[in-house]
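Because the structure is predicted, anything quoted here is derived from the model rather than measured. What's counted below: heavy atoms across the whole structure, side chains too, no hydrogens, waters or symmetry copies.
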Amino acid sequence: MPEQTGPDQMGPDQMGPQLVDAGYGVGQITILVGLNLHLNERRIGILGRNGSGKTTLLRLIAGLIAPTSGRVWVGGVDPSDRRAMLREIGILFQNPDHQIIFPTVEEELAFGLRQQGRSAAEAKAATRDILAAEGRAHWAKASVATLSHGQRHYLCLMAILAMAPATILLDEPFAGLDLPTTMRLARALEATPQRLITITHDPAMLAGYGRVIWLDAGRVRADGAPDDVIPAFRAEMEHLGAADADTDLTR
Amino acid sequence: MPEQTGPDQMGPDQMGPQLVDAGYGVGQITILVGLNLHLNERRIGILGRNGSGKTTLLRLIAGLIAPTSGRVWVGGVDPSDRRAMLREIGILFQNPDHQIIFPTVEEELAFGLRQQGRSAAEAKAATRDILAAEGRAHWAKASVATLSHGQRHYLCLMAILAMAPATILLDEPFAGLDLPTTMRLARALEATPQRLITITHDPAMLAGYGRVIWLDAGRVRADGAPDDVIPAFRAEMEHLGAADADTDLTR
Amino acid sequence: MLTLTSPVETALHRWPAGVKLAALSVASVGVVAYQMLIWPAAVAVAAVYLLQGRDFARHGLAMLRPLWMIVVILALWHLWTGAWAAGALILARLVTLVALANLVTMTTRLDDMLNLLERLASPLARIGLPPRTLALAIALVIRFTPVLLAKANMLHLAWRARSARRPNARIVLPLVLMALDDADHVAEALRARGGL
Amino acid sequence: MERNLTHIALFAALIAVLGLVPQITLVSGVPITAQSLGVMLCGTVLGARRGALAVLLFLVLVAIGLPILSGGRGGIGVFAGPSAGFLVGFPVAAFVAGLITERMPAPVGVASLIGAALGGIVVLYAFGISGMALVIGKTLPEAALLVTPYLIGDAIKVGLAAAITQGLARVRPGSLLSRP
Ligand SMILES: Nc1ncnc2c1ncn2[C@@H]1O[C@H](COP(=O)(O)OP(=O)(O)OP(=O)(O)O)[C@@H](O)[C@H]1O
Ligand SMILES: Nc1ncnc2c1ncn2[C@@H]1O[C@H](COP(=O)(O)OP(=O)(O)OP(=O)(O)O)[C@@H](O)[C@H]1O
Ligand SMILES: O=C(O)CCCC[C@@H]1SC[C@@H]2NC(=O)N[C@@H]21
Ligand SMILES: [Mg+2]
Ligand SMILES: [Mg+2]
């Protein structure tokens with residue numbers, strides 16, 4: 001576990017997600033094994049191959065699935081207490097279609113705010129402000145089905161940021177977004193005071209991060225400062241990419 | 001229109017998709033306007049912002065939607081002739097969930113082959129070969145719902161490549177794939193003799209392409225050799241990304 | 001989704017939904033219990049429709065159109081058996097009751113209906129159904145209906161992208177699976193944002 | 001909990017969507033509709049309790065004025081019309097279909113076939129015939145005569161419901177809430 005101090009670490013009152021010996025499996029298949037992670041840094045990146053268990057780890061942290069062995073806490077809250085978790089954690093799903101619940105942009109944005117206990121009028125006003133701030137006021141009444149893939153992805157991000165949870169889990173936040181949107185969003189994310197835990201296939205995205213975890217077949221393969229983990233990860237990926245078939249795949 | 005010769009251009013017998021004054025709209029909204037494109041090069045890239053109409057253009061070319069004005073042909077075939085179109089065109093959807101029909105990997109792969117007139121036994125054998133060649137023989141009976149996002153995306157690509165149509169339309173083929181898989185796939189795609197028309201947000205992917213089209217709000221903003229189009233595109237995107245809100249957005 | 005509320009604004013639109021529903025219940029029970037009320041009620045209902053203007057009355061008539069066949073059949077039946085008076089009463093009762101109920105539907109906006117429903121259902125909170133859950137359930141149905149259609153279209157598109165034939169029976173199971181997967185995803189999305 | 005809710009809402013929506021399959025109205029004033037297939041599926045896939053709740057939710061939406069019955073009908077008036085008995089019987093039919101699918105110690109295809117037939121035909125017709133007899137002032141045998149034409153279609157729907165339920169059990173057993 002990296003023991004750092006400095007601007008990247010939040011105070012001890014801002015404890016992040018904690019996994020103790022946590023594992024997850026479905027039937028005979030084990031997907032995650034024996035994870036011991038104290039995720040207290042402000043910026044944490046997660047790298048790993050397709051199917052290595054990154055999304056599953058995020059769902060575990062968000063309390064959307066329960067560990068089949070070991071335990072998970074978030075800021076001292078048990079993840080099965082969904083209401084309390086709202087303050088603690090927000091998650092951006094990998095596939096926007098899996099995240100969007102309501103038929104119009106406005107309803108989608110307002111829902112999370114209502115869940116946090118704000119009144120309908122407040123939620124509506126906040127929704128309008130968010131859209132206006134992003135130059136997308138004309139989206140309010142739009143049907144989500146008519147938005148393009150990237151536009152839907154962006155909507156999901158706005159919905160999470162609006163709820164301002166202490167930790168934000170991002171599952172490939174920039175996949176499918178165009179360059180200007182990516183740049184703006186990266187700036188916005190950089191500026192957020194909250195803890196970010198970001199899954200990506202692009203190590204370059206993790207510049208300025210305090211910690212990087214490399215998942216491999218459901219286990220932690222490396223965990224530490226970006227300068228240590230990323231070069232090793234890159235080298236291995238390029239080595240694998242140069243070979244001709246996935247003889248290494250077990251799943 | 002770029003008039004090139006050389007290894008990048010196929011013979012005249014291999015005419016690609018042709019759009020004549022083609023447009024597409026839904027109700028009051030126009031999504032594509034007055035496109036005149038002869039897509040004959042072997043490698044064509046399409047760039048553009050979120051919502052610029054890239055996916056809609058691909059669907060038009062694939063004959064999945066009909067133009068609301070103008071005409072579209074593919075290799076001399078009218079896209080409404082579905083049988084002939086199967087030989088001409090295959091499309092990789094942007095979202096794997098929009099492409100996958102069947103519950104298991106095997107059924108999904110076999111479907112297209114059966115539709116091309118192969119027998120059930122042939123399709124089954126071919127499916128097994130494809131999976132084995134990719135080192136993923138153990139996927140055959142797997143339920144698609146248990147695959148990770150990247151794995152599903154990869155499955156979709158295999159399904160299209162197996163059908164070997166003359167032109168393959170790729171809507172962000174590498175989004176969500178890990179580096180080794182991307183590298184292998186890029187090599188495999190580079191080697192395919194077929195025409196590829198690729199949508200991407202990452203201009204670097206278009207190295208070695210013969211032609212790049214930049215779509216902007218449903219119109220062709222630039223069309224030509226990569227060395228001409230990509231720098232201009234990049235400059236504009238970075239310029240937009242530096243500004244603070246999407247004041248330029250009309251949709 | 002469009003509703004069956006009449007776009008022609010009438011005074012009845014401004015009545016509280018609860019009052020209209022109570023009046024409907026009383027009137028319906030009365031007409032069913034006392035035969036002699038049938039004709040006066042029929043005349044009264046017709047008058048109410050006509051008083052709201054021509055457009056509204058025509059809209060009301062359109063809402064009764066699904067009944068025309070049974071009305072004709074019943075009429076013929078009673079003409080044939082000779083029990084004319086009894087037949088007329090039965091027909092008048094059927095049409096009056098339906099028209100009366102339609103009147104409430106046509107003059108009550110969805111919002112007002114939902115508010116009334118929420119109040120009527122509030123006692124259910126004690127057996128584990130809070131009004132918010134019911135409201136969310138209704139919102140979800142309204143969401144799923146177009147989404148199911150869109151998914152069916154999407155699946156159709158996916159099929160056509162790789163097949164020259166029209167979708168056959170094999171597509172039914174994938175459609176159901178897709179819908180169920182969607183329900184799972186929405187369930188997870190709900191949990192991710194605070195759950196029920 | 002959330003999963004129960006979304007599945008109930010989904011199946012209510014499924015009944016609504018099946019209402020878009022073109023209907024044919026017979027002389028009895030009751031349409032031949034694919035919606036009764038939706039009711040059977042509610043029971044055989046979701047099970048008794050959730051299935052009945054899904055159908056109830058659908059009926060609530062009908063009552064508050066959404067045009068989701070076949071032919072774009074809805075509102076309170078349909079509960080006074082000739083098909084009122086069927087509408088009232090819908091949730092009971094789903095409940096019975098679900099109960100049999102859940103409890104019958106037989107392969108899921110068989111259990112759901114019998115469940116759909118008993119719930120979606122026997123129970124539903126008992127309600128439908130009684131309702132019609134009341135509304136149009138006829139005797140039960142007379143009303144029963146009027147609903148016989150629906151039997152052929154409903155037999156097909158029973159077969160479909162069982163096939164779909166069995167298919168689900170094969171490829172995604174976790175989704176079959178009636179047989180956990
Ligand atoms: N319900 C399930 N049953 C069986 N296996 C599953 C199930 N869910 C996930 N898996 C498997 O667990 C592994 C991890 O999946 P996960 O979605 O966490 O991968 P990931 O690291 O997010 O991959 P990607 O980069 O492609 O998104 C995959 O191999 C997947 O096939
Ligand atoms: N059915 C529809 N009704 C109204 N507008 C639509 C519809 N379908 C697409 N659009 C709009 O058309 C535009 C183009 O959509 P399209 O999916 O082609 O974009 P794209 O270039 O592929 O974007 P992305 O990079 O995000 O995938 C978008 O602004 C979208 O909102
Ligand atoms: O739409 C309505 O008003 C209710 C329709 C009830 C139709 C019943 S269900 C059983 C039988 N089978 C049919 O196809 N129609 C009737
Ligand atoms: Mg993932
Ligand atoms: Mg797109």
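Nearest heavy atoms, A:Gly176 versus B:Glu172: CA-OE1, 3.6 Å. What you find for A:Gly51 and B:Ser148 is that their closest heavy atoms are N-OG, 3.4 Å.
In this structure, B:Arg49 contributes its side chain and A:Pro180 its backbone to no donor-acceptor pair below 3.5 Å. Counting only distance, with no hydrogens or angles, the side chain of A:Asp178 and the backbone of B:Asn50 share a donor-acceptor pair below 3.5 Å.
In this structure, CG on A:Leu179 lies 8.0 Å from CZ on B:Arg234, to the nearest 0.5 angstrom. In this structure, B:His149 NE2 and A:Gln94 CD are separated by 5.0 Å, a value rounded to the nearest 0.5 Å.
Of the residues considered (A:Leu177, A:Thr182, A:Thr55, A:Asp171), A:Leu177 shows the highest number of contacts with chain B, using heavy-atom pairs under 4.5 Å. For the set A:Ile199, A:Thr146, A:Thr56, A:Asp97, the count of heavy-atom pairs under 4.5 angstrom toward chain B peaks at A:Asp97. Contact count against chain B (heavy-atom pairs under 4.5 Å) is highest for A:Asn95 among A:Leu147, A:Asn95, A:Thr200. Considering only heavy-atom pairs separated by less than 4.5 Å from chain B, the leading option among A:His153, A:His98, A:Glu236 is A:His98. Ranked by heavy-atom pairs under 4.5 Å with chain B, the list A:Gly150, A:Pro203, A:Ala142, A:Ala188 is led by A:Gly150.
Taking a 6.0 Å sphere around CD of B:Glu190, one finds it holds 12 or fewer heavy atoms contributed by other residues, nucleotides or ligands. The neighbour count for A:Arg219 CZ, taken as heavy atoms of other residues, nucleotides or ligands under 6.0 Å away, does not exceed 12.
The closest side-chain heavy-atom distance from A:Met183 to B:Leu240 is not below 4.5 Å.
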